[in-house]
Protein chains: 2
Amino acid sequence: MVVVNKHTKIISAATKVFAKKGFFTARISDIAKEAKVADGTIYIYFNNKYDILLSIFEEEIGKIFAKTEKLLSEEQDPSRMLQIYVSQYLQAMKKNKYLGEVIQIELRQTNKVIRNYRKNKFSAYTNIISDIIRKGQDQGIYRPDILPDVAKRAFFGALDEVSGVWNISLETHYSVEEITEQILSLFLQGVLLDTDQVK
Amino acid sequence: MVVVNKHTKIISAATKVFAKKGFFTARISDIAKEAKVADGTIYIYFNNKYDILLSIFEEEIGKIFAKTEKLLSEEQDPSRMLQIYVSQYLQAMKKNKYLGEVIQIELRQTNKVIRNYRKNKFSAYTNIISDIIRKGQDQGIYRPDILPDVAKRAFFGALDEVSGVWNISLETHYSVEEITEQILSLFLQGVLLDTDQVK
DNA sequence: AGTACATGAATGAATAGTCATTCATGTACT
DNA sequence: AGTACATGAATGACTATTCATTCATGTACT
């Protein structure tokens, strides 16, 4: 049997439980049971319930963020940069089905103080998008009338919502590549077949 | 002084409090205080805390849904239909700043049973989008390679996330028309200036 | 038109249940 | 035999919900 350290075990149990029940409805004892440890053990590794959520968020988003930044630094073409962004995010979400839900929880459920804290951490991640768009506008390949800060939200919102597809349809199995392609081409070209049709 | 009935007063107080503190952190006494009624009064009008949230959701989404459906029934062009959809949603969200947050809460925070319930109600609303896309594909004006069910999510996710713009920037005042235009043109045409640039 | 009675909306203090957190005790390893 | 980690029952704080009581308003009778 593979032995995993307790910190990791608790993190992954909590991710699962939070995703299933939501942060507030999840009980510490649920997490403890899922992780096969005693309730008290959790407090050896984490300060409190919220600390567990924060740790999941930090550690996982941190990983994605770091990897994305690294890959982006080696790239110059805005559209390829966006592709990297999308595929990294979706890949991470597909790998850990529960993570997407937990991120959404973290983004909405927590109180104002905390919200401000994560805002800094998290907006750095979404600001990557607006930076790429500005870059594309500077290079003259992206429409200058697009507002990068609005587009950033639209883009991340789309990504966030789409990252849940893996969890619904039991029959259809989309691949990360497929969804990446859809999102990207939607965002780059739009749904219209022929651009001339726009009034 | 304008006298409003208590049901309405509680609904609007609760919308405000839920948006500010989140469903679980919000106390009944907070809502009561905001509505200037006694705690017990709330239970004359609602069965329990969750019933308040559900009522907000039902009533408000219901209004938007009904109005959108009505307007759409008089329209045939898919792109104009999408425009109606977007502008109706954003208009409603701008009118009631707190509503957007509450909808997001409702969409994420509640337990599985309830989630399934709202899924039916709510997915009817988002399915409007995929229906419009299919219509556009049938008419031969939308790209046939777009997956309507994926695009639906992307589109609504974008809309949902963008609907929060009013709440952040204190300096910038975007109009509903402006944001509608951005989202729509992003979705229809994409960010690329020249479609030929796509590999 | 004044008095007595009825109604039920509104109140908010008291209750009751839920859980996060603690800590006294146990276990295992060196 | 000391150290570090682990346990889970007990504690106590927090709040949703209840319900006995109040009181403003309406009705009917003289």
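Reminder, nothing fancy here: chain letters follow the sequence lines and each chain counts from 1. Remember, it's a predicted structure, so these values are computed and weren't measured experimentally.
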What do you reckon, are the aromatic ring centroids of Y85(B) and Y125(B) less than 6.0 Å apart?
-> yes

I52(A) has an atom CD1; how far is it from atom C1' of dA20(C), in whole Å?
-> 10 Å

For I28(A) and dA20(C), what is the distance between atoms CD1 and P respectively, to the nearest whole Å?
-> 5 Å

NZ of K33(B) versus C1' of dG12(C): gap in Å, rounded?
-> 14 Å

Between P of dA13(C) and CD1 of I42(B), the distance in whole Å | 15 Å

Whether over 12 other heavy atoms sit under 6.0 Å from Q76(A) CD = no

Is it true that F155(B) and F187(B) have ring centroids separated by less than 6.0 Å?
-> yes

Value for CG (L193(A)) from CZ (R143(B)), rounded to nearest 0.5 Å, stands at 8.0 Å

Tell me, please, the opening and closing nucleotides of DNA chain D, 5' to 3', among those with an atom under 4.0 angstrom from a non-hydrogen atom of chain B.
-> dT15(D) to dT18(D)

Given atom CG of D30(A) and atom C1' of dC19(C), what is their separation to the nearest angstrom?
-> 10 Å

Which is true for Y45(A) with a 4.0 Å heavy-atom rule: it touches a base, it touches only sugar-phosphate, or it touches nothing?
-> sugar-phosphate

In whole angstrom, give the distance that lies between atom CZ of F24(B) and atom C1' of dA20(C).
-> 16 Å

Rounded to the nearest Å, what distance is computed from the CZ atom of residue R27(A) to the C1' atom of nucleotide dG17(C)?
-> 12 Å

Contacts of Y142(A) that satisfy ring-ring contact (aromatic ring centres under 6.0 Å, His included) - sequence neighbours left out = none

Tell me, with the steps shown, if F23(B) and Y50(B) meet side chain to side chain contact (heavy atoms under 4.5 Å, CB included).
-> CA-CA 8 Å; F23(B) 177 72; Y50(B) 182 68; 4.0 Å; yes

Go through the structure and list residues passing side-chain contact (heavy atoms from CB on, under 4.5 Å) with L147(B), not counting sequence neighbours.
-> Y174(A), Q182(A), V150(B)

Check side-chain contact (heavy atoms from CB on, under 4.5 Å) between K6(A) and all other residues, then give those that pass, not counting sequence neighbours.
-> V37(A), T41(A), Y45(A)

Using Watson-Crick pairs (N1 to N3, plus N6-O4 or O6-N4) and G-U wobble pairs, both distances under 3.5 Å, which stems of at least 3 pairs involve DNA chain D?
-> C:1-30 with D:1-30

Would you mind listing every salt bridge (Lys or Arg N to Asp or Glu O under 4.0 Å) that reaches into residues 78-93 of chain A, with sequence neighbours excluded?
-> E75(A)-R80(A)

